[in-house]
Amino acid sequence: MAGGGFAVAAPGASQFEAKITPIVIISCIMAATGGLMFGYDVGVSGGVTSMPDFLKKFFPVVYRRTQEPELDSNYCKYDNQGLQLFTSSLYLAGLTATFFASYTTRRLGRRLTMLIAGVFFILGVVFNVAAQDLAMLIIGRILLGCGVGFANQAVPLFLSEIAPTRIRGGLNILFQLNVTIGILFANLVNYGTNKIKGGWGWRLSLGLAGIPAVLLTVGALMVVDTPNSLIERGRHEEGKAVLRKIRGTDNIEPEFLELVEASRIAKEVKHPFRNLLQRRNRPQLVIAMSLQLFQQCTGINAIMFYAPVLFNTVGFGGDASLYSAVIIGAVNVLSTCVSIYSVDKVGRRMLLLEAGVQMFLSQTAIAIVLGIKVKDHSENLSHGFAIFVVVLVCTFISAFAWSWGPLGWLIPSETFPLETRSAGQSVTVCINLLFTFVIAQAFLSMLCHFKFGIFLFFSGWVLVMSLFVLFLLPETKNVPIEEMTEKVWMQHWLWKRFMDDDIPVANGKGAFKNGHSNGL
């Protein structure tokens with residue numbers, strides 16, 4: 001998810017001494033509020049677009065459809081390009097901002113890039129709260145999108161670089177955990193503000209995004225930059241002091257020397273995007289791009305963006321649909337905690353394969369229930385079936401939250417070679433935001449045309465991605481980053497054909513030799 005710069009990690013916990021220091025924990029918590037902001041933006045858009053007062057002011061055509069059901073199909077009453085643009089514009093702006101964020105992350109550091117993200121978030125919140133017309137609303141979403149682009153570049157990179165190797169997976173997922181907490185917080189806020197009389201509840205929903213925006217900005221002012229970033233910019237002594245501080249030990253010379261050498265090698269790469277297309281880098285590129293495509297094709301963001309709208313469509317009342325979205329948000333948070341606990345124990349592949357079965361079965365069951373019970377102009381969804389649909393959606397959400405949600409970002413952050421890391425991670429972010437934009441812009445139209453078949457469409461993708469994991473995704477659990485090529489790619493039945501013998505590799509003693517190695 002991050003772009004710009006370099007990082008290395010110890011070839012084993014015993015090689016580089018590192019304690020889990022309070023400054024590391026505090027810094028990671030503060031930095032991960034970028035995920036809180038991202039999650040709140042994802043969750044709040046679906047809630048406000050189901051509020052009658054919001055629709056009446058900005059989307060009167062959709063409002064009339066919701067008030068007079070006989071005007072249109074149940075599945076089509078929210079099909080409006082402007083309404084979808086309100087949600088998707090954030091991701092298109094984030095996609096554009098990624099290119100600038102990659103530069104600032106590398107040249108100005110992770111900390112300053114997070115600060116820039118916080119400023120964009122605050123400006124976007126101001127525009128949204130004060131919006132008087134659709135144009136002002138979209139400008140606010142675009143500014144928020146710029147914040148997403150900068151935060152999504154800097155925060156995961158910051159977390160990966162500051163964390164001790166043995167808990168790298170868990171701390172990296174902290175960002176995704178905060179995304180899910182942000183979504184839950186937005187759903188709770190929407191549920192409360194929907195009850196406000198006077199037509200201004202939606203402004204409060206959009207305005208409370210200022211809380212995580214301020215937290216991220218203040219956090220960026222308080223945390224230290226990573227040793228990797230400081231050394232990369234030539235500030236070696238400052239980088240060494242920070243490394244000693246975050247590792248909680250004076251025995252940091254081997255790791256420091258390796259960071260210096262990694263920086264030197266990274267600077268020798270003049271055309272990282274061109275290098276990314278070389279044969280030996282194709283496995284990592286294919287894996288990273290595929291994971292981003294598949295993550296969106298699970299249908300997760302379609303459900304998260306539009307959960308209240310979706311439940312309204314299948315016959316839930318306004319309050320009931322928002323309440324159901326709150327339940328989904330809570331399941332999302334709890335299931336992400338499962339991933340933090342298990343990712344470095346059971347491995348990446350096991351979580352992805354188990355979740356694939358769970359998501360496929362739950363989405364197929366949802367399609368069957370809706371196909372039988374919800375028609376174009378009438379719905380026969382009884383209370384029992386309505387609860388069953390919510391349970392099935394929660395089953396799907398839980399599987400995603402401990403698999404494709406966090407691992408779609410974690411795995412690419414572990415596998416790109418040192419010399420193409422910046423370019424590779426930028427491509428990862430761009431592909432994700434591109435497909436997030438496409439799904440957000442198209443989902444309500446797809447729901448109108450596919451009807452209940454939309455869930456069969458996504459379940460088909462889940463089957464494809466599970467087969468991809470089974471045959472093409474190697475396990476990266478507990479593999480030191482510098483030894484990824486040697487121990488992962490060179491051992492894979494297909495990807496080993498793309499490897500060569502001229503890649504510099506860290507020997508764990510602050511020096512590099514020729515061999516097979518990847519940097520984070």
Side-chain angles (χ1 to χ4, degrees), residues 2-31 101-116 150 153-168 171 218-270 272 413 418-419 421-422 425 480-482 504-513 517 519-520:
F6 72 95
V8 292
S14 61
Q15 295 282 340
F16 294 153
E17 187 179 339
K19 299 175 182 176
I20 303 175
T21 56
I23 189 172
V24 168
I25 301 301
I26 294 170
S27 295
C28 288
I29 291 172
M30 295 301 287
S102 181
Y103 175 83
T104 62
T105 304
R106 187 169 59 254
R107 297 294 184 185
L108 303 179
R110 291 48 159 158
R111 177 176 169 271
L112 193 55
T113 303
M114 289 191 294
L115 183 61
I116 293 171
F150 279 86
Q153 285 279 359
V155 173
L157 179 55
F158 180 93
L159 294 174
S160 290
E161 290 179 345
I162 209 167
T165 305
R166 66 184 182 277
I167 58 168
R168 186 185 66 230
L171 275 186
V218 172
L221 291 171
M222 293 175 61
V223 300
V224 295
D225 215 336
T226 66
N228 314 59
S229 178
L230 292 167
I231 293 169
E232 182 182 31
R233 289 178 283 144
R235 295 155 64 176
H236 286 207
E237 288 307 312
E238 192 177 345
K240 193 172 187 177
V242 170
L243 185 62
R244 184 178 292 110
K245 190 176 181 180
I246 65 174
R247 295 295 178 247
T249 177
D250 290 327
N251 184 26
I252 48 91
E253 195 67 22
E255 184 175 4
F256 174 73
L257 291 175
E258 189 162 297
L259 290 175
V260 171
E261 184 66 7
S263 175
R264 184 189 65 78
I265 290 174
K267 286 178 180 177
E268 288 178 356
V269 179
K270 303 300 181 185
S413 81
L418 185 65
E419 67 271 18
R421 179 169 181 269
S422 171
Q425 295 290 22
I481 294 169
E482 298 83 68
V505 57
N507 63 17
K509 299 177 181 178
F512 281 67
K513 62 182 180 180
S517 172
L520 175 64

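All of these numbers come straight from a predicted model, not from anything done at the bench.
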Closest heavy-atom contact between S229 and G109? OG-CA, 3.2 Å
Charged N-O contact under 4.0 Å between D225 and R233: yes
Is it true that E261 and R264 have a side-chain N and a carboxylate O under 4.0 angstrom from each other? yes
Approximate separation, where rounding is to 0.5 Å, of I162 CD1 and I25 CD1: 10.0 Å
Return the minimal non-hydrogen interatomic distance between V224 and F158, and the atom names on each side. O-CE1, 3.2 Å
So which heavy atom on R244 is nearest to which on T249, and how close? CG-O, 3.3 Å
For S263 and E232, which heavy atoms make the closest approach, and how far apart are they? OG-CA, 3.5 Å
Separation between CD1 (I116) and OG1 (T104), nearest 0.5 Å, reads 5.0 Å
Applying side-chain hydrogen bond (donor to acceptor under 3.5 Å, both in side chains) to R111 and not counting sequence neighbours gives none
How long is the span from the CG atom in N228 to the CG atom in L157, to the nearest 0.5 Å? 7.5 Å
Taking side-chain contact (heavy atoms from CB on, under 4.5 Å) as the criterion, tell me which of R235, K245, E253 meets it with K240. E253
Inter-residue atom distance L159.CG - R110.CZ, 0.5 Å rounding: 12.0 Å
Value for OG1 (T105) from CD (Q153), rounded to nearest 0.5 Å, stands at 5.0 Å
Between T113 and A101, which heavy-atom pair has the shortest distance, and what is it? CG2-O, 4.4 Å
For P227 and G239 the tightest heavy-atom approach is CB-O, 3.7 Å
